[in-house]
Amino acid sequence: FKNEENIWSTEGSITNSPGNLCLHLCGNINHFLGATLGNTGYVRNREMEFAVKNVSREELMNNVDETIAVIEKVLGAMKKENLNDVYPLDKFGENATIDFILARLVSHLAYHVGQINYYRRIIEK
């Protein structure tokens, strides 16, 4: 975003700001990948991901960088044969495999990143 204020803006029927979507994505990955598969000890507060406002761009980017480090650590330690193991949480259906959950996490990430980018293009003409 050229204008940092736009990170926290909403318009019309868009109720989630790009900043909140960023916090949500980091929380989602840190919970479902970091805490659940990587035993990082991360404790998610999903409501906070949408309630907090006006976090600085720098802090958001630090959060993204820390989340990337979690992804690299957890996936780097994972063995290919573990992808067919049952995911420890039953949130996405009984006996969902780790590879299924990773695909869901990627699609969730892509969905919200697309929303962020599209919103950025609308408000920063």
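When all heavy atoms are compared, the tightest approach of I71 to I29 is CG1-CG2, 3.6 Å. Listed here is the closest heavy atom pair of P18 and Y119: CG-CD2, 3.3 Å. For the residue pair N95 and D90, the shortest heavy atom distance occurs at N-OD1, 4.4 Å. Minimum heavy-atom separation, W8 to V55: NE1-O, 2.9 Å. L37 approaches P88 most closely through the heavy-atom pair CD2-CD, 3.8 Å. In this structure, I123 and S9 approach most closely via the heavy-atom pair CD1-OG, 3.5 Å.
Other residues, nucleotides and ligands place no more than 12 heavy atoms under 6.0 Å from the CD atom of E5. For OH of Y111, the number of neighbouring non-hydrogen atoms (other residues, nucleotides, ligands) closer than 6.0 Å is 12 at most. Heavy atoms from other residues, nucleotides or ligands lying under 6.0 Å from NZ of K53 number more than 12. More than 12 heavy atoms of other residues, nucleotides or ligands sit less than 6.0 Å from atom CD of E81.
Under the 3.5 Å distance criterion, with hydrogens and angles disregarded, a donor-acceptor pair is assigned to the side chains of D85 and N82. Neither side chain, N20 nor E49, offers a donor N or O lying under 3.5 Å from an acceptor on the other.
Atom CG of residue N6 and atom CZ of residue R57 lie 9.5 Å apart, to the nearest 0.5 angstrom. Note that CG of D65 and CD of E58 are 10.5 Å apart. Values are rounded to the nearest 0.5 Å. Atom CG of L23 and atom CE of M48 lie 6.0 Å apart (nearest 0.5 Å). The distance from the SG atom of C26 to the CG atom of L60 is 8.0 Å, given to the nearest 0.5 Å. The CG atom of L33 sits 8.5 Å away from the OG1 atom of T40 when rounded to the nearest 0.5 Å. Here the straight-line distance linking atom SG of C22 with atom NE2 of H112 works out to 11.5 Å at 0.5 Å rounding.
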*Do N16 and T10 pass the side chain to side chain contact (heavy atoms under 4.5 Å, CB included) test, and can you show the C-alpha distance, the side-chain angles, and the key distance before you say yes or no?*
CA-CA 7 Å; N16 293 321; T10 59; over 6 Å; no

*Would you please test N3 and E124 for side chain to side chain donor-acceptor pair (under 3.5 Å) and show each step?*
CA-CA 8 Å; N3 183 346; E124 294 191 343; 5.8 Å; no

_Evaluate T97 against L83 for side chain to side chain contact (heavy atoms under 4.5 Å, CB included), listing each step before the verdict._
CA-CA 7 Å; T97 59; L83 293 175; over 6 Å; no

*Under the side chain to side chain contact (heavy atoms under 4.5 Å, CB included) criterion, do N117 and R121 qualify, and how do the steps go?*
CA-CA 6 Å; N117 187 44; R121 291 167 47 203; 3.8 Å; yes

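Under the 30°/60° scheme for interplanar angles, the aromatic rings of H24 and H108 are found to stand perpendicular. Under the 30°/60° scheme for interplanar angles, the aromatic rings of F32 and Y87 are found to be tilted.
The hydrophobic cluster containing L25 does not contain Y42, counting ILVMFWY residues as joined when their side-chain heavy atoms lie under 4.5 angstrom apart, directly or transitively. Neither V106 nor F92 shares a network with the other; the hydrophobic side chains, linked directly or stepwise wherever heavy atoms of I, L, V, M, F, W or Y lie under 4.5 Å apart, form separate groups for each. Hydrophobic clustering of Ile, Leu, Val, Met, Phe, Trp and Tyr side chains at less than 4.5 Å, counting indirect connections, keeps V86 apart from L105. Taking hydrophobic clusters as Ile, Leu, Val, Met, Phe, Trp and Tyr residues chained together by side-chain heavy-atom distances below 4.5 Å, V52 does not share a cluster with M61.
In this structure, I68 shares a hydrophobic cluster with V64, the cluster being traced through Ile, Leu, Val, Met, Phe, Trp and Tyr side chains under 4.5 angstrom apart.
Checked against T36 for a side chain to side chain contact (heavy atoms under 4.5 Å, CB included), the options L89, I101, I98 give a single hit: L89.
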